[in-house]
2 protein chains.
Amino acid sequence: MSRSRDAVHEILRRSESFRSAQDIFTEMRSDGAKIGLTTVYRALQALNDDGRVDVLRTDEGEAVYRACASDLHHHHLVCRRCGRTEEVAGPDVERWAEAIAAEHGFADITHTVEVFGTCASCTGR
Amino acid sequence: MSRSRDAVHEILRRSESFRSAQDIFTEMRSDGAKIGLTTVYRALQALNDDGRVDVLRTDEGEAVYRACASDLHHHHLVCRRCGRTEEVAGPDVERWAEAIAAEHGFADITHTVEVFGTCASCTGR
DNA sequence: ACAGTTTTGACAACCGTTTTCATTTTCCTT
DNA sequence: AAGGAAAATGAAAACGGTTGTCAAAACTGT
Ligand SMILES: [Mn+2]
Ligand SMILES: [Mn+2]
Ligand SMILES: [Zn+2]
Ligand SMILES: [Zn+2]
């Protein structure tokens, strides 16, 4: 797997915010690329397995993807209006998750933390 | 809306962990209740609107529900093995979310924080 | 060039959720 | 109690995102 995986990754790297599979598919097609929706899904899934993209679920249950800017563990601050996304580090949250888990006897911890809000430029309008 | 909403709420209150709509529907039917899947979905949605149940999405995108033990804002510590769930308060996380959002000029903040791990009794085996 | 392997994409199948709509139940006014 | 408006219900169809199928196409090394 390589040709189309790179193409999908490239789209994601050029994107400002999270994108859905269908969304990516549509853009590639209208750019003249001859790619199938299935392949887009496969590429996204492979990229995610390799830790090169983050995936998160919208409240409506759609999976949206974004190329990670940093290789390190991080979280997201997403504008619910325009989709703009900041990657933020959260040492405090990490510690909290570990502590609260230990306190309840839970091991082998992972966590999901997403913050949603209205970004500065969207607040103005 | 009332009869079936209460029934669904009751199922949830008796449950130890998060339950899916289909799951609840199956249990109610095999208990002899004459209820439709649609009504279960409507009940869950109403209960969630009223803040009486929490909903979260599994990694597979299925919505799972649980009656809130506390009326206050809280988060979840979920055993990925057996589904056991603890409700945990996180003043530190709340502060962190507010701070990180303000720092980036985001307003009108909400956040989702879920911690997954293996609970004490599941670790033993 | 050849055979073997991997990748691809049109299409169908899937699964959870929502919509539709006709029927039933509940509630309110006589 | 009777009648009628309003809300609730459920079977079935529609929907939307995702995954599976399978034959064709693109690579791989020899
Ligand atoms: Mn990221
Ligand atoms: Mn809860
Ligand atoms: Zn914005
Ligand atoms: Zn457990």
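Values below: every heavy atom of this structure, side chains too, minus hydrogens, waters and symmetry copies. Bear in mind that the values here come from a model prediction, so they are computed numbers and not experimental data. Reminder, nothing fancy here: chain letters follow the sequence lines and each chain counts from 1.
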S.K.: Could you write out each protein N or O paired with an N or O of nucleotides 12-21 of chain C at a distance under 3.5 Å?
M.R.:
{"unit_1": "C:dG16", "atom_1": "OP2", "unit_2": "B:Q22", "atom_2": "NE2", "d": "3.2"}
{"unit_1": "C:dT17", "atom_1": "OP1", "unit_2": "B:A63", "atom_2": "N", "d": "2.9"}
{"unit_1": "C:dT17", "atom_1": "OP2", "unit_2": "B:Y41", "atom_2": "OH", "d": "2.4"}
{"unit_1": "C:dT17", "atom_1": "O5'", "unit_2": "B:Y41", "atom_2": "OH", "d": "3.3"}

S.K.: As a test of reading the structure: which of D:dG10, D:dC27, D:dT9 is closest to the side chain of B:I35, going by heavy atoms?
M.R.: D:dG10

S.K.: Just the rounded figure in Å: distance from P of D:dT18 to CD1 of A:I24.
M.R.: 10 Å

S.K.: Quickly work out the B:K34 NZ to C:dT23 C1' distance and round it to whole Å.
M.R.: 16 Å

S.K.: Is there a side-chain contact between B:E62 and B:F18 (heavy atoms, below 4.5 Å)?
M.R.: no

S.K.: If the plane angle is over 60° it's perpendicular, under 30° parallel, otherwise tilted; pick one for A:W96 and B:H75.
M.R.: perpendicular

S.K.: Under a 4.0 Å threshold between the charged nitrogen and the carboxylate oxygen, would B:E98 count as salt-bridged to B:R95?
M.R.: no

S.K.: With sequence neighbours left out, write down each residue that passes side-chain contact (heavy atoms from CB on, under 4.5 Å) with B:T110, or none if nothing qualifies.
M.R.: A:R80, A:F116

S.K.: Within a strict 4.5 Å, meaning less than it, do heavy atoms of the A:R5 and A:R52 side chains meet?
M.R.: yes

S.K.: Let me know the distance between CZ of B:R3 and P of C:dC27, rounded to the nearest Å.
M.R.: 8 Å

S.K.: Report the distance from atom CG of A:N48 to atom P of D:dT19, rounded to the nearest whole Å.
M.R.: 11 Å

S.K.: Just to confirm, is there a sub-4.0 Å distance from OP1 or OP2 of C:dG9 to any side-chain nitrogen or oxygen of A:T39?
M.R.: yes

S.K.: Distance alone, cut at 3.5 Å: any donor-acceptor contact between the side chains of B:H74 and B:E86?
M.R.: no

